[in-house]
Number of protein chains: 2
Amino acid sequence: MNNKNELEPTKILNSYLEEKGLRKTQERYLILDEIYKKNDHFDIESLYQLIIKKQKISKATIYNTIDILIELKLIKKHSFLNKTLYEKSFQKKQHNHLICNDCDKVLEFCDPRIQNIINSIESSMNFVVAEHSLNFYGKCNDPKKCKKI
Amino acid sequence: MNNKNELEPTKILNSYLEEKGLRKTQERYLILDEIYKKNDHFDIESLYQLIIKKQKISKATIYNTIDILIELKLIKKHSFLNKTLYEKSFQKKQHNHLICNDCDKVLEFCDPRIQNIINSIESSMNFVVAEHSLNFYGKCNDPKKCKKI
DNA sequence: ATATTTGCAAAGAGTTTGCATCATA
DNA sequence: TATGATGCAAACTCTTTGCAAATAT
C-alpha cells in the first residue's frame with residue numbers, strides 16, 4: 001500500500017465531515033487512526049483501552065465515531081455468536097470468517113461461490129441483498145495458538 | 001409429522017434430564033412446548049411474555065432452559081446484526097437466513113452449495129466446521145408486509 | 001430428606017442518552 | 001461566539017448470578 005492509499009480513510013472521513021458540516025475533532029481522526037493501525041478484529045473495550053492510554057476519551061465518543069465510520073464503510077461490524085467485533089474495511093475485498101470455538105481466533109477466507117448464491121437468491125426470492133455474513137464456527141487446530149486442545 | 005415425531009423433542013429432553021440426573025420440572029417442559037408451538041424466530045422477551053400470560057415464570061428460568069435446549073440441539077441461537085433470535089431446530093434441515101433491513105422479517109432458504117464451500121475450507125484451512133451461519137441482509141420487497149418502503 | 005431448580009432482585013456487560021462543558025468553525 | 005461534540009454519569013437492554021423458598025427425587 002502506498003502513501004496515498006494509507007491516507008485515503010482519513011481523506012474520506014475529512015470529506016464527509018466537511019460535506020455534512022460536522023466538526024473535525026481530533027477525537028474522530030484519532031479513533032480512525034487507531035483502528036487503522038490495528039490488524040485484527042477488535043471490540044469497543046479494547047479500542048477504548050488502547051486510546052485511553054494515550055489521552056482522555058469517552059466510550060460515548062467512540063460509539064458515536066464508530067457509527068460514522070460504519071456509514072462511510074471504513075469499518076464493518078460483525079455480530080458473532082457471542083460477541084460483537086469490528087474491523088477496518090477500506091479497500092478490503094469481500095471475505096468471510098472462521099471463528100475458533102476453542103481459542104476465539106478469527107480467520108478470514110474468500111470464496112467466489114458466495115456471489116453465485118447471492119445471485120440465485122436475488123432472482124428466486126425477490127430479495128435485494130445489501131450485505132451478507134458467512135461465518136463458520138469450529139476448531140482451528142492451530143497447534144501454536146489453539147490453547148484449549 | 002406424526003404423533004410420534006411431535007413428541008420427539010419432549011422425549012429428547014426427558015431422556016437427557018434422566019441421564020444427567022436433572023429434575024424434570026414442569027417449567028422445562030412448558031418452555032419447550034411453547035417454543036415448539038411457535039413457528040417463527042423469537043427472542044427471549046417474546047417467549048417470556050407468552051408464558052407469563054399463562055403462569056408465573058422468571059426469565060432466569062427461561063435462560064437456563066434455553067441453554068439445555070441448545071445443548072440438545074432442540075433450538076438454535078442466531079446472532080443477527082442487531083438482535084439475538086432463537087428458533088426450534090428438531091429435524092429441521094440446514095438453512096440460511098434473509099433478514100429484511102426495512103421490516104425485520106426473517107426468511108429462510110436452503111442452498112446445497114454451502115456444503116461445498118464448507119468442504120473446501122475444511123481441506124484448505126485445516127479447520128473443522130462445527131456449525132455455520134449465512135445471513136443476507138437487504139430488502140424483502142414484500143408489498144404486504146414490508147412497511148418502510 | 002436433601003439437593004436442585006425456581007423466582008426474585010441485584011449485579012454485570014454492552015450500549016445509548018441527557019446535559020453541562022469544551023472547542024471547532 | 002455559537003453550535004456541535006465531548007465527557008461523564010445515569011439510564012437502558014440483555015443476560016447472569018446469589019440466595020431464600022419451593023419442589024422433584
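All heavy atoms count here, side chains included; hydrogens, waters and symmetry mates do not. Letters go in sequence order (proteins before strands), and every chain restarts at 1.
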Consider only side-chain heavy atoms of I, L, V, M, F, W and Y, link residues closer than 4.5 Å, and tell whether A:Leu30 and A:Ile70 are in one cluster. yes

Do you see a donor-acceptor pair shorter than 3.5 Å between the side chains of A:Gln115 and A:Gln94? no

With the threshold set at under 4.0 Å for non-hydrogen atoms, list the residues of residues 51-68 of chain A touching DNA chain C in residue-number order. A:Ala60, A:Tyr63

For atom CD of A:Glu45 and atom P of C:dA13, their distance in whole Å: 10 Å

Of C:dT15, D:dT15, C:dT5, the nucleotide closest to the side chain of B:Leu22 is C:dT5

B:Glu19 atom CD is separated from D:dT25 atom P, nearest whole Å, by 15 Å

Do you see a donor-acceptor pair shorter than 3.5 Å between the side chains of B:Asn64 and B:Thr61? no

Separation of A:Leu81 atom CG from D:dC14 atom C1', in whole Å? 16 Å

Rounded to the Å, how far apart are B:Ile44 CD1 and D:dT13 C1'? 13 Å

Rounding to an integer number of Å, can you tell me how far B:Gln26 CD sits from C:dG7 C1'? 13 Å

Is the distance between the ring centroids of B:His97 and B:Phe109 less than 6.0 Å? no

Classify the side-chain pair B:His95/B:Glu87 by whether it contains a donor and acceptor separated by less than 3.5 Å. yes

Considering just the side-chain nitrogens and oxygens of B:Thr25, establish if one lies under 4.0 Å of OP1 or OP2 belonging to C:dT6. yes

On DNA chain D, more 5' by nearest nucleotide between B:Tyr86 and A:Tyr48 is A:Tyr48

Write down the distance between NZ (B:Lys83) and P (D:dC14), rounded to a whole number of angstrom. 10 Å

Greater than 12 external heavy atoms within 6.0 Å of A:Lys73's NZ: no

Quickly work out the A:Asn14 CG to C:dA25 C1' distance and round it to whole Å. 13 Å

Rounded off to whole Å, could you give me the CG-to-P distance for the A:Leu85 and C:dT15 pair? 10 Å

Using modelled atom types and a 3.5 Å cut-off, is there a donor and acceptor pairing between side-chain atoms of B:Tyr36 and backbone atoms of B:Ile31? no

A:Arg28 vs C:dT24: side-chain N/O to OP1/OP2 distance below 4.0 Å: no

